[in-house]
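Position 1 is the first residue of the sequence; numbering continues from there.
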Amino acid sequence: MRSLTTNLVNTMTYVVSGILILVFFAIDISIDNWVDAEFDNALTDKSNYLKTLVKVTPEGTEFDFSGEFMPEFGTSTKASFFQLWQGSNVFERSESLAHFADTNLLKKDIPLNSAIFVDVILPDGRDGRAMVSYFEPQVPQVNRPMMGNVEPMWLTIAITTEDLSQILVIIDSSLAIGLLLVIVLIRWAVVKVIHRGLTPLNELNMSLKNVDVTKKYIPLSTDSEDYLEIEPIRNELNKFVKISQQYLQTEKRITADIAHELKTPISELISLSEIYIRYPDDERIGVSYKQDVLSISLRMKTIVNNLLLLQQATSEDINLHRQHINIKTLMGQVIDELAFKYSTIYSRLNIEHNVLDQSCFADEFSLHLILTNLFDNALYYSPSNSAVFIRLVSDNKGLTFSIENQLVTSINANDLDRLTLPLFQAEKSRSNGDRHGLGLAIVENIAKVNGFEFSFELISTDKILFSLFIPVVMES
């Protein structure tokens, strides 16, 4: 299982480490370039000093060098080297070259009064760096008129770079060790900071472990409530608990209502059977017994079928076969099917329509089931001689059914909100065995599955309006 803490620690470590590596790399390059530049500057200073020792007099060119002041050009094991040429002839060599009589330092043809730096191997085999310069010897002002042109000279000075290499290795090693230590310290700090930062979430988790779903709100510690990031989670969890409680209460009520609906016909069957067993020869009981058992069984079958239909309506696996349906034909079919229950249905239904196109693209079974339940509901719960108004309106967005009827018994706001709850019935209607409080629940769920919009509202204390909107659906 992936860990949020581990992901945060690794991500922050990688990001910070990458930035540090770039910074340290830039610092290392800068230091290396600075050390190399300082080494070349030191080499230039030595070369310039040696150039000042070359003087031109009427007697000739002189090189006034004293090894006492520059012992590094002596015969020590870490000696430096220099060599002077005038023209093609060697003019002067450092004492350190005495052991290498057949070896000359590097000499290159370069422009006058210029110099170049070259990495070389010293005569004694060590790595070094040489500076080759081509210059004019200095001539005193008093002697300049009589000296004429003085032949330029080459000066090559070579110094070992082993000490420089060691310094660079030490610097690179120090930076590498420092970088490693900084990364380790940063990772340790990141782990501590993230664990401390996630403490409110851990407190929330501990609160959830001890939560009582029967309570209205989830109790959280005061520290957790101080965080802006925690409070929205707490609010959403409270909403979830509230919805879960509502579902739990709904399931309890449905279970109780199912038990109530089935208990009555079962009790009737038991009572009827006990009476028939006790009085088998009573013709009054025997004549109606079979018909009574069949009637009670059919009532139970109706309840079970409606419950199965409700379960199917709430399932996402319901198969919808959308097709073009003639609204007028479908409504006539529904009215004809309900005529056996309501003999005055043709006179009571007042249909008004402003529909140019009398067809819609929908699932016929779903639409038939919805209209059947809505028409049946309107006819049953309205006065026997009252009119039921059915209006159809269409536009470019879709088709709207409106069904308006009077009420035998007024409905309060609390009951209105519960009309579509499964098995919910007003108390006065429970005495009728044919009504089980499933019709509107089935309508609402079937409408959701089909993408219809189902709503209802009280127009007045004794009138209710049901609306069904069928949006335009493009054919696939």
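- Rounded to the nearest 0.5 angstrom, D172 CG and S174 OG are separated by 8.5 Å.
- Rounded to the nearest 0.5 Å, atoms CG (L112) and OG (S114) are 7.5 Å apart.
- Among residue pairs with one or both ends in residues 152-172, those qualifying as ring pair (Phe, Tyr, Trp, His ring centres under 6.0 Å) are Y134-W154; sequence neighbours excluded.
- Remark: L84 CG to L105 CG distance equals 10.0 Å, nearest 0.5 Å.
- Counting only heavy atoms from C-beta outward, the side chains of I31 and L168 never approach each other to under 4.5 Å.
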With side chain to side chain contact (heavy atoms under 4.5 Å, CB included) as the criterion, how do D363 and L367 come out once you've worked through the C-alpha distance, each side chain's angles and the decisive distance to 0.1 Å? CA-CA 6 Å; D363 179 61; L367 191 55; over 6 Å; no
Stepwise, does the side chain to side chain contact (heavy atoms under 4.5 Å, CB included) test hold for V16 with R187? CA-CA 9 Å; V16 175; R187 184 172 179 86; over 6 Å; no
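- Between the T329 side chain and the I325 main chain, no donor and acceptor come within less than 3.5 Å of each other.
- A salt bridge links R129 to D40: one of the charged nitrogens lies within less than 4.0 Å of a carboxylate oxygen.
- Side-chain contact check for I157 versus L50: some heavy-atom pair is nearer than 4.5 Å.
- Heavy-atom neighbours of Y49 OH from other residues, nucleotides or ligands within 6.0 Å: at or below the threshold of 12.
- In the model, T161 has no side-chain atom that pairs as donor or acceptor with a side-chain atom of D127 under 3.5 Å.
- Nearest heavy-atom pair, T103 versus R93, reported as atom, atom and distance to 0.1 Å: O-NH1, 2.9 Å.
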Please evaluate residues L371 and F401 with respect to the criterion side chain to side chain contact (heavy atoms under 4.5 Å, CB included), reporting the C-alpha separation (whole Å), side-chain torsions for both, the decisive distance (0.1 Å), and the verdict. CA-CA 9 Å; L371 294 181; F401 282 90; 4.1 Å; yes
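- Under the 3.5 Å distance criterion, the side-chain polar atoms of N377 are left unmatched by any main-chain donor or acceptor of N373.
- Residues L155 and V54 are not in side-chain contact: their nearest non-hydrogen atoms beyond the backbone lie 4.5 Å or more apart.
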Checking side chain to side chain contact (heavy atoms under 4.5 Å, CB included) for the pair D124/F100: CA distance, chi angles, key distance, verdict? CA-CA 8 Å; D124 57 5; F100 310 98; 3.7 Å; yes
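- Pairing each heavy atom of S133 with each of K51, the nearest pair is OG-CE, 3.1 Å.
- The aromatic rings of F454 and F466 sit parallel, their planes meeting at an angle under 30°, below the 60° perpendicular limit.
- With rounding to the nearest 0.5 Å, the separation of CG in N89 from CE in M153 is 10.5 Å.
- Side-chain atoms of T11 never come within 3.5 Å of backbone atoms of L8 as a donor-acceptor pair (strictly under, hydrogens ignored).
- Taking both residues in full, the closest heavy atoms of F135 and N113 are given as CA-OD1, 3.7 Å, listed atom of the first, atom of the second, then distance.
- The shortest distance between side-chain heavy atoms of T400 and S394 does not fall below 4.5 Å.
- By the side chain to side chain contact (heavy atoms under 4.5 Å, CB included) test, I19 is found to be paired with V15, V23, residues two or more places apart in sequence or in another chain being considered.
- In this structure the side chain of E444 reaches within 4.5 angstrom of the side chain of K448, judged on heavy atoms.
- Taking the centre of each ring, F469 and F452 stay at or above the 6.0 Å mark.
- Side-chain atoms of S467 do not come within 3.5 Å of backbone N or O of S402 as any donor-acceptor pair.
- Scanning all heavy atoms of the two residues, the minimum distance from E151 to P137 falls at O-CD, 3.7 Å.
- A distance of 5.0 Å separates CD1 in I470 from CG in L468, rounded to the nearest 0.5 Å.
- Judged by distance alone, with hydrogens and angles left aside, the side-chain atoms of S47 form no donor-acceptor pair with the main-chain N or O of L43 at under 3.5 Å.
- Between C360 and I327 the shortest side-chain heavy-atom distance falls below 4.5 Å.
- Side-chain atoms of N41 come within 3.5 Å of backbone N or O of A37 as a donor-acceptor pair.
- Between the side chains of E92 and Q83, no donor N or O sits under 3.5 Å from an acceptor N or O.
- Here Q333 contributes atom CD and E364 contributes atom CD; the two are 6.5 Å apart, rounded to the nearest 0.5 Å.
- Ion pairing between R126 and E162 fails under the 4.0 Å rule for side-chain N and carboxylate O.
- Screening V182, V184, I183 against I186 for a side-chain contact (heavy atoms from CB on, under 4.5 Å) leaves a single residue, V182.
- Residues I110 and V132 approach most closely at CD1-O, 3.5 Å, considering heavy atoms.
- Between S80 and T160, every side-chain heavy-atom pair lies at or beyond the 4.5 Å cut-off.
- Checked by atom type and distance alone, the side chain of N48 pairs as donor or acceptor with a backbone atom of T44 at under 3.5 Å.
- Side chains of L374 and D376 form no contact here, defined as non-hydrogen atoms less than 4.5 Å apart.
- Under a cut-off of 6.0 angstrom, the local environment of NZ in K463 is sparse, with at most 12 non-hydrogen atoms contributed by other residues, nucleotides or ligands.
- Scanning all heavy atoms of the two residues, the minimum distance from E352 to F389 falls at OE2-CD2, 4.3 Å.
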